[in-house]
Amino acid sequence: MSPRKANMESSIYFGADGWWHGRVTMGVKSDGSPDRRHRRARTEAEVRRKVRELERQRDQGRAPAAGRKPTVAAWMETYLTDIASLKLKPRSLDDYWSKTRNDIIPGVGKHRIDKLQPEHLERMYRAMLDAGHAPSHVLKVHRILSRALKIAHRRRIVAENVATLVDPPSIDEIEANPFTKEEARAFLEAAAKRPSFMRWIVGVGMGFRQGETLGLRWSYVDLEAELFRPEWQLQRLTWRHGCDDPHACGGRLHRFEPCPTDCTAHKSYKRGCPKPCTKTCTKHASTCPQRKGGGLTFTRPKTKKSRNAVPIPPVFIPFLQDHKAQQEAARQAAGELWQEHDVVFARPDGRPLDPRADYEEFKELLKEAGIDDRRLYDGSRHTAGTILNELGVDMPTIMEILRHTQISQTRRYVKGRSHLSKDAMRRMGEFFVPSPSPPPAPDPGPTETRTETADTRSARARRRRRIR
């Protein structure tokens with residue numbers, strides 16, 4: 001009779017099935033039962049190697065958790081629902097869900113999370129690039145998946161985060177294209193003809209983000225102290241189902257076949273016809289009777305630094321006072337139709353401005369001002385930072401005005417001007433190589449005078465005689 005094995009000691013034996021088997025005690029499961037893992041191989045040496053590896057993971061505290069591992073799709077749903085939702089801002093969480101549904105699950109969702117290999121991710125990234133996705137989009141997908149796998153590794157669901165073994169596509173940072181001083185004046189002159197003039201004064205003149213500008217409330221505007229407090233921002237969030245069966249809820253809107261080439265139903269869509277629904281589609285939450293968490297919503301800024309008070313230029317105060325008086329007159333004219341949201345920039349019925357309509361207005365103003373097309377960020381924050389730099393404001397002060405957490409981020413927002421660089425290099429050259437002194441004036445030669453000199457002809461003759 002063989003002696004009894006000691007606690008936590010592994011066993012290796014040859015089975016009747018012709019395989020070598022190894023069993024390793026890892027501890028106890030969540031229900032209190034023993035957690036014993038099984039390994040098998042064709043040779044004793046191979047099974048011993050597998051047993052030693054499992055024992056090493058157990059002794060180092062890196063052994064994966066017991067139980068069948070979830071697929072990538074199941075883990076991503078768990079991660080976004082129970083883990084990421086506790087930390088991410090609503091808009092960021094929407095972006096995570098979007099890229100998970102459209103890219104990660106179709107690409108690698110069916111793989112078991114512990115069987116995922118770097119080659120699977122590389123093939124998915126290559127397919128995304130071939131489909132026309134920008135490298136920056138692929139990089140975002142990589143970061144989302146890497147973060148989810150990092151949590152899985154931390155919880156010992158997987159032995160390694162395979163995303164760290166993959167090099168994502170490199171991206172070229174988009175160069176800022178802010179307004180020049182002349183373009184900024186032309187833009188604001190075009191905006192002065194519209195009721196939304198003050199919205200663009202704040203956006204271009206103070207460098208506020210679009211969401212911060214549209215979400216600005218009178219409760220956080222101190223005209224006496226001349227301060228703006230951007231405590232809230234306006235964002236459009238994706239609706240979520242509040243019912244028990246999202247697939248059945250959106251049944252009448254499901255479309256499983258692609259649109260024909262001559263489709264007229266979506267001719268007004270800027271991005272073309274939408275993709276067909278999947279067999280288990282849970283979209284179309286905007287029509288759910290119990291929908292929640294979507295539409296235009298006031299949210300907190302992403303960082304605490306973004307909520308710092310910003311001084312209002314004194315010349316803006318009269319314009320703001322006039323704007324407030326005009327809004328009060330509009331409130332009285334609307335009567336019961338007025339919807340009070342306390343926003344500084346409102347529609348005629350008191351509701352906040354729609355970010356989409358605001359963006360379209362920005363494009364219209366560019367055409368009216370004769371300015372070439374550019375991003376909204378270029379015409380607001382990048383413009384404010386660049387003009388402040390041209391006016392001689394130092395970088396730490398610009399960082400405080402734009403409310404950045406790092407000065408390196410501010411430097412990316414400030415673009416140098418060629419005429420300023422040329423003037424700076426001119427002064428540098430004059431410092432090292434001084435300008436050449438002007439040449440001496442030419443000798444004009446003898447000139448005729450009316451006054452007889454003291455050295456007369458007779459005196460010179462007497463001097464010559466003495467020398468001889």
Side-chain angles (χ1 to χ4, degrees), residues 71-74 76-77 80-81 90-111 120-142 144-145 168-169 171 174 210 235-297 354-364 366-367 373-376:
T71 62
V72 174
M76 290 302 301
E77 184 174 356
L80 294 177
T81 304
R91 188 68 175 271
S92 299
L93 185 61
D94 278 356
D95 186 53
Y96 274 44
W97 271 113
S98 175
K99 288 178 172 55
T100 298
R101 286 192 300 263
N102 298 326
D103 300 305
I104 296 177
I105 292 179
V108 294
K110 294 183 180 180
H111 287 285
H120 301 150
L121 303 186
E122 291 168 346
R123 282 195 291 268
M124 179 180 70
Y125 298 158
R126 170 48 53 192
M128 292 173 63
L129 292 172
D130 293 342
H133 288 292
S136 58
H137 179 92
V138 180
L139 181 60
K140 289 181 181 178
V141 171
H142 172 78
I144 293 170
L145 183 57
I171 61 174
I174 299 177
Q210 183 192 38
Q235 291 184 328
R236 187 184 299 278
L237 305 180
T238 304
W239 288 105
R240 292 181 288 113
H241 282 278
C243 55
D244 297 331
D245 191 351
H247 179 71
C249 180
R252 65 181 180 85
L253 297 177
H254 290 326
R255 185 180 51 81
F256 301 105
E257 299 296 331
C259 292
T261 55
D262 56 347
C263 174
T264 58
H266 308 107
K267 61 181 180 180
S268 61
Y269 283 39
K270 295 184 178 180
R271 299 183 179 179
C273 297
K275 295 180 180 179
C277 300
T278 61
K279 297 300 181 182
T280 59
C281 176
T282 58
K283 296 181 180 179
H284 317 297
S286 59
T287 61
C288 177
Q290 304 174 24
R291 65 182 186 178
K292 58 182 180 180
L296 290 178
T297 308
D354 190 333
R356 294 172 181 168
D358 182 75
Y359 178 80
E360 294 296 333
E361 185 178 31
F362 173 74
K363 296 296 184 179
E364 294 173 2
L366 288 178
K367 294 180 180 179
D373 188 40
R374 61 194 66 190
R375 301 176 302 167
L376 180 57

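Worth knowing before you read on, the calculation uses all heavy atoms, side chains too, and leaves out hydrogens, waters and symmetry mates. In this chain, numbering begins with 1 at the start of the sequence shown.
In this structure, Phe256 and Pro276 have side chains that are not in contact, with every pair of non-hydrogen atoms separated by 4.5 Å or more. At least one side-chain heavy atom of Glu77 sits less than 4.5 Å from a side-chain heavy atom of Trp97. In this structure the side chain of Cys273 never reaches within 4.5 angstrom of the side chain of Pro260, judged on heavy atoms. The closest side-chain heavy-atom distance from Asp354 to Arg236 is below 4.5 Å. Using a 4.5 Å heavy-atom threshold, the side chains of Thr297 and Pro90 count as separate.
Rounding to the nearest 0.5 Å gives a distance of 5.0 Å between CD of Gln235 and CZ of Arg91. Interatomic distance, CG of Asp94 versus CZ of Arg240, reported as 8.0 Å (0.5 Å rounding). Here Met76 contributes atom CE and Arg101 contributes atom CZ; the two are 11.5 Å apart, rounded to the nearest 0.5 Å. The OG1 atom of Thr280 sits 8.5 Å away from atom CD1 of Ile105, with the distance rounded to the nearest 0.5 Å. Atom-to-atom distance recorded for Leu145:CG and Leu121:CG is 5.5 Å, nearest 0.5 angstrom. Annotation: the span from Gln290 atom CD to Trp239 atom CH2 amounts to 13.0 Å, rounded to 0.5 Å.
With sequence neighbours excluded, the residues that form a side chain to side chain contact (heavy atoms under 4.5 Å, CB included) with Lys99 are Asp95, Asp103, His137, Lys140, Val141, Ile144. Taking the salt bridge (charged side-chain N to carboxylate O under 4.0 Å, His left out) definition, one finds that Asp130 meets it with Arg126, sequence neighbours left out.
Closest approach of Leu253 to Cys277, counting heavy atoms only: O-SG, 4.5 Å. Contact detail for His241 and Cys288: the closest heavy-atom pair is ND1-CB, 3.5 Å. The nearest pair of heavy atoms linking Gly109 to Thr71 is O-CB, 3.5 Å. Considering every non-hydrogen atom in both Val72 and Ile104, the closest pair reads CG1-CG2, 4.2 Å. When all heavy atoms of Pro169 and Leu129 are compared, the pair lying nearest together is CG-CD1, 4.1 Å. Listed here is the closest heavy atom pair of Gly293 and Leu237: O-CB, 3.6 Å.
Under the 3.5 Å distance criterion, the side-chain polar atoms of His247 are matched with a main-chain donor or acceptor of Cys281. For the pair Arg291 (side chain) and Ala285 (backbone), a donor-acceptor distance under 3.5 Å is absent.
For the ring-ring contact (aromatic ring centres under 6.0 Å, His included) condition, the pairs that include at least one residue of residues 268-296, sequence neighbours left out, are His254-His284, His266-Tyr269.
Other residues, nucleotides and ligands place more than 12 heavy atoms under 6.0 Å from the NZ atom of Lys363. Within a 6.0 Å sphere centred on CG of Asp244, heavy atoms belonging to other residues, nucleotides or ligands number 12 at most.
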